[in-house]
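We use all heavy atoms of the structure for the numbers below, so side chains are in, but hydrogens, waters and symmetry mates are not. Just so it is clear, the model here is predicted, and its values are computed rather than measured.
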Amino acid sequence: MSKSTEMLSEVKTNILYASMSIDNEKNEQHQKEDSVRMLKARRSIEDYLEEKRLHECIANGWDIN
């Protein structure tokens, strides 16, 4: 194999590895963002349910001594 062919092959390999690395970083970032969104959604649902239970307790006379 000629030297230029070897260099070209090495450059192609480096480009491939760089591309794969960028794709992996993007996937990790998307997973982190998805996790944050899911956590916020879960907390919002929990807050809503807690407020709903509080209103039900108050409506049932819980606040009357």
Heavy-atom side-chain contact between [X] and [Y] under 4.5 Å:
{"X": "Glu33", "Y": "Gln29", "value": "yes"}
{"X": "Glu46", "Y": "Glu50", "value": "no"}
{"X": "Thr5", "Y": "Ser2", "value": "yes"}

Reported [atom1]-to-[atom2] distance for the pair [X] and [Y], which is rounded to 0.5 angstrom:
{"X": "Arg37", "Y": "His30", "atom1": "CZ", "atom2": "NE2", "value": "9.0 Å"}
{"X": "Ile22", "Y": "Asn27", "atom1": "CD1", "atom2": "CG", "value": "12.0 Å"}
{"X": "Leu8", "Y": "Lys3", "atom1": "CG", "atom2": "NZ", "value": "14.0 Å"}
{"X": "Glu28", "Y": "Asp23", "atom1": "CD", "atom2": "CG", "value": "11.5 Å"}

Do the side chain of [X] and the main chain of [Y] share a donor and acceptor less than 3.5 angstrom apart?
{"X": "Ser19", "Y": "Ile15", "result": "no"}
{"X": "Ser44", "Y": "Lys40", "result": "yes"}
{"X": "Thr13", "Y": "Ser9", "result": "yes"}

message: Same cluster or not: Leu39 versus Val36, using hydrophobic residues (I, L, V, M, F, W, Y) connected whenever any side-chain heavy atoms lie under 4.5 Å apart?
response: no
